[in-house]
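Numbers here are sequence positions counted from 1.
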Amino acid sequence: MRAPAILFLLCFLPGSAAAVDSCVTCHAAIDDSAKGPAALIKNDVHVAHGLSCADCHGGDRTSEDPELAMNKAKGFKGKPARAAIPKFCATCHSSPDYMRKYAPRQRVDQWDLYQTSVHGKRLAAGDAAVATCIDCHSVHDIRAVKDSAAPVHPLHVAETCSHCHSDAQKMAPYKIPTNQFEEYKTSVHWEALAKRGDLSAPSCASCHGNHGAKPPQVESVAAVCGSCHVLFEQLYEKSVHHAVFSGAGGGGGCMVCHSNHAVHYPSTAMLAGPKSVCSGCHDAGTAPAGAATQMAGWLDGLDTALKQSETVLSRAEKSGMEVSEAQVRLIDGRENLVKARLALHSMKPAEMQMPVDAGMAIAKATQRAGDFALREKDTRRIGLAVSVLLIGIAILAIRLLLRRMESNK
Ligand code: HEC
Ligand code: HEC
Ligand code: HEC
Ligand code: HEC
Ligand code: HEC
Ligand code: HEC
Ligand code: HEC
Ligand code: HEC
Ligand code: HEC
């Protein structure tokens, strides 16, 4: 095919970047601010896929006459009303046939799911203050999820949600808290995600779902912790608390002890002492309060014992003694501490005792190995001192002997 023929065809291919696009040309001229659609659109994922203004708004992009370009007869839809936006985006995103041509594996359930969410239900009921597609994705500079500048990129989701959820004025009519982002920023999850770049840690949408009312494979938001902390969930579900916490007015699950937004590093202070979470329900002197104190004692005891062994072994290592075998065993000891913290979630002290005992045995054995190595080092030092002394005496004796032989001559 000759070049003019290709150009001619391109003009009629929808969204072809090479074609003259009157929408872009004219809108760039009438609104040359950086926030104008024609300027913003350069980074938009739709443009990257060859789509343009008319693919969303309709109209005739080949005409430079505004009357003809933005003509209802040419399918021009204009600016969608706020309540109509989800359906507007869904014309393509809910169509498997359409989307398959661009991204065969892309999901096409965003609108369906959206309608099950609080946002979607409220919008359908006429409340325009909720999030629509463009409040989370922006408009005219919509980016792919994996684009690190996207407002829905895992590192930016919390900030995106907080534009509304941290705004006391916007949220006032609903009488729900506005401290989620503030609390979340104090959590282990935020630390892992934002400070250590661990994308497996949850942001708002991991727990709440992005489009639906709840994330997939979870029967309620309260049960979401178990989708990542699987083993904890398994033990918790078998514990006495499971039935109690999910009973009337409950649905708290892990949240009862760990909170939802402000999940902090756990410690035995949660079990015993003034900050104990157990004491809110279990008075001192009752069996569960006793169990809590016992479990705290075991965990602290094992932790202290392991730390002592570690100190002794590192002293021995620094003074040149060979203790690598004991150091490897100590790793097993620490694993038992992890297992004990996990077993705690059964709320049966007997189940926790096994890893605690095993860990203690290792702590004691490695401590002995460290002590032995340090004693050995001392013995060797004394031995060395004695032999140096003996050699010194011998040299002295030989010198005396030589001198006497010389004077005898
Ligand atoms: C020759 C200039 C010109 C062309 C060509 C043109 N527009 Fe416009 N467009 C305008 C002007 C002027 C307005 C009104 C400006 C305003 O209200 O801010 C407008 C308004 C709009 C609006 C907002 C309408 C509303 O309801 O508020 C949309 C959406 C739009 N144009 C999209 C398009 C699309 C899509 C194309 C191409 C098919 C296109 N325009 C082609 C000049 C043009
Ligand atoms: C992915 C779909 C999509 C594409 C592509 C798109 N728009 Fe829009 N546009 C929208 C939506 C949705 C709104 C409504 C925004 C709102 O309610 O704030 C809108 C609003 C507008 C408006 C109303 C004023 C404003 O800024 O809110 C204009 C004008 C407009 N678009 C022009 C354009 C032009 C020109 C292009 C191409 C350079 C374009 N749009 C590309 C979806 C799109
Ligand atoms: C409350 C915020 C929010 C709303 C409202 C929202 N999205 Fe999303 N969307 C997200 C987040 C967050 C992701 C990223 C999910 C991830 O990390 O995989 C996403 C991902 C996507 C994706 C990528 C594929 C996928 O499903 O993961 C598409 C396409 C998409 N959204 C389209 C839409 C459309 C269309 C609407 C309106 C019907 C919409 N979104 C409404 C937050 C939202
Ligand atoms: C004309 C059809 C069409 C319309 C209308 C449309 N999109 Fe898209 N969208 C696409 C295509 C095609 C892609 C590129 C394929 C892909 O990445 O899924 C895409 C990609 C996306 C992505 C990136 C998904 C990813 O890969 O991470 C998001 C987010 C998105 N669109 C949101 C929206 C929103 C929000 C609206 C409404 C304002 C909208 N789209 C309207 C066709 C459309
Ligand atoms: C444009 C503003 C806006 C944005 C952005 C927004 N929301 Fe909302 N959201 C609302 C409003 C308004 C409600 C309705 C409050 C209600 O009914 O209690 C709501 C309701 C909710 C609810 C239900 C609260 C309840 O009543 O139990 C959850 C959960 C929620 N949003 C999570 C999110 C998450 C997660 C994000 C970000 C991915 C987000 N929202 C982004 C405005 C927004
Ligand atoms: C680790 C999981 C998790 C993360 C991360 C998370 N949430 Fe929640 N959120 C929950 C749970 C669980 C509830 C309680 C819901 C229930 O009981 O059904 C909740 C409740 C809510 C509510 C209802 C009002 C309230 O405070 O009780 C809103 C709104 C909300 N979250 C928004 C957010 C926002 C915004 C973010 C991000 C800044 C976020 N959440 C991060 C798990 C999480
Ligand atoms: C999307 C996966 C995911 C979800 C959902 C999730 N977490 Fe996490 N959680 C993580 C990751 C990743 C870490 C960081 C582990 C680390 O520190 O290396 C973590 C850390 C923790 C820690 C600290 C662990 C430690 O070693 O000190 C606790 C406690 C915790 N999460 C409890 C919860 C609770 C309670 C919920 C539900 C409200 C929850 N998590 C939901 C992934 C998740
Ligand atoms: C009855 C209160 C309670 C409930 C319910 C509970 N936990 Fe815990 N959890 C604790 C205590 C106490 C610790 C701290 C043990 C320590 O470090 O001394 C802990 C520790 C943890 C740790 C850190 C383990 C480590 O190695 O540092 C994770 C992760 C965790 N819990 C997740 C969960 C998950 C997920 C759920 C729900 C399936 C849950 N917890 C339910 C009390 C609870
Ligand atoms: C929200 C209230 C609540 C909190 C917080 C709570 N529990 Fe419970 N726990 C109960 C209830 C109710 C029962 C069942 C009735 C009973 O045995 O007292 C129970 C039962 C138990 C049992 C079983 C007693 C038995 O006889 O089998 C143990 C052990 C226990 N809890 C330990 C703890 C520990 C340890 C904590 C703190 C990490 C804790 N609980 C926090 C309410 C709570």
- Task: List the steps, then state whether side chain to side chain contact (heavy atoms under 4.5 Å, CB included) holds for E310 with L306.
- Result: CA-CA 6 Å; E310 199 181 314; L306 289 168; 5.9 Å; no
- Between NZ of K87 and OH of Y114, what distance do you get to the nearest 0.5 Å? 14.0 Å
- Task: Please lay out, stage by stage, how Y184 and S203 fare under the test side chain to side chain contact (heavy atoms under 4.5 Å, CB included).
- Result: CA-CA 9 Å; Y184 172 69; S203 182; 3.8 Å; yes
- Classify the angle between the aromatic ring planes of H345 and F232 as parallel (below 30°), tilted (30 to 60°) or perpendicular (above 60°). perpendicular
- What closest approach, in Å, do A373 and M321 show between heavy atoms, and which atom pair accounts for it? O-CE, 3.4 Å
- Any side-chain donor near an acceptor of the partner, D97 and S95, under 3.5 Å: no
- Does the D332 side chain pair with the main chain of V328, one donor and one acceptor, at a distance under 3.5 Å? no
- Query: Within the distance-only criterion (no hydrogens, no angle test), does the side chain of S276 pair as donor or acceptor with the backbone N or O of G273 below 3.5 angstrom?
  - Reply: no
- Note: A128 and L123 closest approach over all heavy atoms is CA-CD1, 4.1 Å
- CD of E233 to SG of C225: how many Å apart, nearest 0.5 Å? 7.5 Å
- Query: Side-chain contact, heavy-atom cut-off 4.5 Å: I134 with F88?
  - Reply: no
- Query: Quick one: are C92 and M99 in side-chain contact, heavy atoms under 4.5 Å?
  - Reply: yes
- Atom pair SG (C136) and NE2 (H156), whose distance is rounded to the nearest 0.5 Å: 14.0 Å
- Hey, does W111 have a side-chain heavy atom less than 4.5 Å from the side chain of C89? no
- Looking only at heavy atoms, which two atoms of A369 and A326 are closest? And how far apart? CB-CB, 3.9 Å
- Message: Check the orientation of H165 and H119. Use parallel for under 30°, tilted for 30 to 60°, and perpendicular for over 60°.
- Response: tilted
- Task: Would you check if L299 and L337 make a side-chain contact, meaning some heavy-atom pair closer than 4.5 Å?
- Result: yes
- Over all heavy atoms of both residues, which pair between A305 and A363 is shortest? Give the atoms and the distance, please. CB-CB, 3.8 Å
- Item | Side chains of S117 and H211, donor plus acceptor under 3.5 Å | no
- Task: Write down the atom of V224, the atom of P215, and the distance for their closest heavy-atom approach.
- Result: CG2-CG, 3.7 Å
- Query: Would you say Y174 and V118 make side-chain contact, with heavy atoms under 4.5 Å?
  - Reply: no
- Distance-only, no hydrogens or angles: does the S387 side chain make a donor-acceptor pair with backbone N or O of L384 under 3.5 Å? yes
- How many angstroms lie between atom NE2 of H49 and atom CG of D44, to the nearest 0.5 angstrom? 11.0 Å
- For the side chain of R122 and the backbone of V130, is there at least one donor-acceptor N/O pair under 3.5 Å apart? no
- For P86 against C133, the heavy-atom pair lying closest together: CA-SG, 3.6 Å
- Message: If the threshold is 4.0 Å, N to carboxylate O, is there a salt bridge linking K307 and D303?
- Response: yes
- Note on the structure: d(L374 CG, L313 CG) to nearest 0.5 Å is 8.5 Å
- Message: Tell me if a side-chain donor or acceptor on S187 pairs with a main-chain N or O of E183 at a distance below 3.5 Å.
- Response: no
- Take atom CZ of R143 as the centre, draw a 6.0 Å sphere, and report whether it contains more than 12 heavy atoms from other residues, nucleotides or ligands. yes
- Message: Strictly below 4.0 Å, N to O, side chains only: are R380 and E376 in salt-bridge contact?
- Response: yes
May I have the list of side-chain donor-acceptor pairs in residues 70-80 shorter than 3.5 Å, sequence neighbours left out?
residue : atom : partner : partner atom : Å
N71     : OD1  : A73     : N            : 2.9
N71     : ND2  : E67     : O            : 3.3
K74     : NZ   : D60     : OD2          : 3.4

- Query: Do the rings of H241 and H282 sit parallel, tilted or perpendicular, given the 30° and 60° boundaries?
  - Reply: tilted
- Side-chain contact, heavy-atom cut-off 4.5 Å: N210 with V152? no
- Message: For R381, is the CZ atom crowded, meaning more than 12 foreign heavy atoms sit under 6.0 Å from it?
- Response: no
- Query: Just by modelled atom types, is the T311 backbone N or O under 3.5 Å from a matching donor or acceptor in the S314 side chain?
  - Reply: yes
- Item | Distance in Å, C278 SG paired with M270 CE, rounded so as to fall on 0.5 Å steps | 7.5 Å
- So, D55 and R61, do they make that salt bridge, N to O below 4.0 Å? yes
- Item | Min side-chain heavy-atom separation T366-I362 under 4.5 Å | yes
- Message: Quick one, L344 and M347 - any side-chain contact, counting heavy atoms below 4.5 Å?
- Response: yes
- Query: Just by distance, do the side chain of T268 and the backbone of L271 share a donor-acceptor pair under 3.5 Å?
  - Reply: no
- Inspect the surroundings of CZ in R196 and state if more than 12 heavy atoms from other residues, nucleotides or ligands are less than 6.0 Å away. yes
- Is the side chain of T186 donor-acceptor paired with the backbone N or O of A262 at a distance under 3.5 Å, no angle test? no
- T132 and D135: side chain donor to acceptor below 3.5 Å: yes
- Task: Would you sort out whether V356 and N336 count as a side chain to side chain contact (heavy atoms under 4.5 Å, CB included), showing the intermediate values?
- Result: CA-CA 7 Å; V356 168; N336 277 296; over 6 Å; no
- Query: More than 12 non-hydrogen atoms from neighbouring residues, nucleotides or ligands closer than 6.0 Å to CZ on F372, yes or no?
  - Reply: no
- Residue pair I142, H46: steps toward the side chain to side chain contact (heavy atoms under 4.5 Å, CB included) verdict: CA-CA 8 Å; I142 297 175; H46 297 97; 3.8 Å; yes
- Aromatic ring pairing F245/Y236, orientation class (parallel under 30°, perpendicular over 60°, tilted between): tilted
